[in-house]
Amino acid sequence: MVRTDSIHGMWSSRLMFILAASGSAVGLGNIWRFPYVAGENGGGAFVLVYLGCIFLIGIPIMASEILLGRAGRQSPINTMRSVAIASGASSRWQIIGWMGAFAGFMILSFYAVIAGWVLSYVILLGSGVFVGADADLANDTFSGFIGNPWSVVGWFTGFMVLTVFITARGVGKGLETTVKYLMPTLFALLIILMIYAAVTSGHFIEGVVFLFSFELEKLTWDSVLIAMGQAFFTLSLGMGAIMAYGAYMPKSASIIGTATTIALMDTGVALMSGLVIFPLVFANGLESSAGPGLMFVTLPLAFGQMASGQFFGCVFFILVAFAAITSAISLVEPAVAWIVERLKTTRVVAALLVGTLVWLLGLGSAFSTNVLSDFYIVGEMTFLDTIDYVTNNIVLPLGGIFIALFAGWVLDSKILDEEMKRDLFYFPAWRFLTRFMAPVAVAIVFVMTILQN
Ligand code: PFF
């Protein structure tokens, strides 16, 4: 069952796979979500739990996803089916692929709405409305924008069109070309912005202290669950995105080494984003725990007070838009690849189909901040909040447990040996973490969160 290529196309090198997978991993999760959840959950101790989850749970599961994808060389649904059958196990394991494709729909439906906010903020920051603005103006601008269903839906639609367009062009011309240019640009912009924050804010050290000072008493099981969910979300794990990308990875590349590289890049971007955002926030005496509005209200306000803030603020939102688009294309890949295989149709048709369905579902999130803002699903959570909470904190970790159990216990040893032959040194550690650590840790966090609530 050793296939050397996929009908969907292949990455032209290991580097391209790394750029694509880190393009998937680095996204709104790093730049928008990480700083605000770290801020809401007290900083340092939360960050430490998050880092623990990345290294002890995230990397082994990422390696498992790449391994399974490369062994199956198809969409996650068909990959899981054929790898399970080849391992003498039930073809029902394909449910992992189904859950993943479904999670991809749900995540992209709100992800693209937020990405739409980002696109509009590129223009807003560039236009200079925030120069010298006070808190009221920054708040009013944000609530005015998200409160207007037309503009939110318009930008959301624009972002979806872009996603469908890139996806339809295929693995080589669409996905690879996009990540090849956007990812290096993104890294360069982030470094420039960090230097800018360090040099101009005068509060860089405060940002560092906030991100790394360890205050155990701020940690609850709920925040541990959120840290774990964030680790899955930020590494794009538990839903087959990395498995789909793994299917296009050359045979010669090592798996654990590659997974570790991707995780390190992703973590680096999250921490650097924190080191851009918090120094600016502290320099202007603003709140670090502002929630989802941190990037859209607090940060523009901070840029508005800084020298050359109009320019750098605009650059910052361009960077976020790049990060979002390279993640969005990975969210649809599992479903698109499956439709191509199943309906024997072209990627254009598959991408349009998936894009339309995601768009319809996304209207619920687009309206969550305006016409449906008083419509709560659970507690005080709107449609958008509910999908975000459920997918990150429940669906992805659950998918991750199953992937780890399958790769650790069920996968045929011949397939495993073949895929892992370049990773012999780290193999025992991977095996231990995948078999025991990842499933047990996720299960404990689930149980403790339920008990505590
Ligand atoms: N990892 C992306 C981020 O941090 O923004 C989000 C994401 C992409 C999650 C792809 C899941 C996924 F499959």
Side-chain angles (χ1 to χ4, degrees), residues 19-38 50 53-54 58 61-62 64-66 69 75-77 96-115 117-118 159 163 166-167 175 178-179 182-183 186 190 226-247 259 262-263 265-274 292 295 319-338 354 358 387-400 403:
L19 287 183
S22 47
S24 167
V26 171
L28 296 175
N30 304 61
I31 312 172
W32 165 68
R33 207 164 182 283
F34 171 76
Y36 94 75
V37 289
Y50 160 81
C53 292
I54 297 274
I61 294 184
M62 181 177 284
S64 307
E65 284 206 30
I66 301 175
S75 65
I77 295 174
I96 293 178
W98 286 104
M99 263 175 59
F102 181 65
F105 272 92
M106 303 234 297
I107 296 177
L108 187 58
S109 76
F110 77 84
Y111 202 85
V113 170
I114 314 266
W117 300 359
V118 171
F159 185 81
T163 307
I166 297 173
T167 306
L175 313 196
T178 306
V179 299
L182 295 195
M183 292 311 291
L186 184 154
L190 191 58
I226 293 174
M228 185 178 79
Q230 174 65 19
F232 275 92
F233 184 74
T234 192
L235 292 179
S236 305
L237 295 181
M239 61 141 279
I242 299 294
M243 199 186 291
Y245 276 12
I262 297 162
M265 299 225 274
D266 183 77
T267 307
V269 172
L271 296 177
M272 281 164 70
S273 305
M295 192 172 90
L319 175 160
V320 185
F322 284 2
I325 190 74
T326 56
S327 297
I329 52 182
S330 76
L331 280 159
V332 290
E333 189 60 27
V336 167
W338 180 76
V354 174
V358 170
I387 297 205
D388 179 342
Y389 189 90
V390 172
T391 47
N392 287 337
N393 300 328
I394 300 169
V395 181
L396 297 185
L398 210 57
I403 291 170

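Both counts, for ligands and for their atoms, begin at 1 and track the order of listing. Remember, predicted model here, so these are calculated numbers, not experimental data.
Side-chain contact annotation: Asn30 with Thr234, donor-acceptor N/O pair under 3.5 Å present.
Within the model, atoms SG of Cys53 and CD1 of Ile226 stand 12.0 Å from one another, a figure rounded to the nearest 0.5 Å.
The shortest distance between side-chain heavy atoms of Leu237 and Leu396 does not fall below 4.5 Å.
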Pairwise, report which nitrogen or oxygen atoms of ligand 1 are under 3.5 angstrom from protein nitrogen or oxygen atoms, and how far apart they are.
| residue | atom | partner | partner atom | Å |
| --- | --- | --- | --- | --- |
| ligand 1 | 1 (N) | Ser24 | O | 3.1 |
| ligand 1 | 1 (N) | Ala25 | O | 2.9 |
| ligand 1 | 1 (N) | Phe233 | O | 2.8 |
| ligand 1 | 1 (N) | Thr234 | O | 3.2 |
| ligand 1 | 1 (N) | Ser236 | OG | 3.0 |
| ligand 1 | 4 (O) | Ala25 | O | 2.9 |
| ligand 1 | 4 (O) | Gly29 | N | 3.4 |
| ligand 1 | 4 (O) | Asn30 | OD1 | 3.3 |
| ligand 1 | 5 (O) | Leu28 | N | 3.0 |
| ligand 1 | 5 (O) | Gly29 | N | 2.7 |
| ligand 1 | 5 (O) | Tyr111 | OH | 2.5 |

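No donor-acceptor pair under 3.5 Å is formed between the side chain of Trp338 and the backbone N or O of Pro76.
The side-chain contact (heavy atoms from CB on, under 4.5 Å) test applied to Ser327 returns Tyr111, not counting sequence neighbours.
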The test is ring pair (Phe, Tyr, Trp, His ring centres under 6.0 Å); show your working for Trp32 and Tyr36 and say whether it passes. CA-CA 7 Å; Trp32 165 68; Tyr36 94 75; 5.3 Å; yes

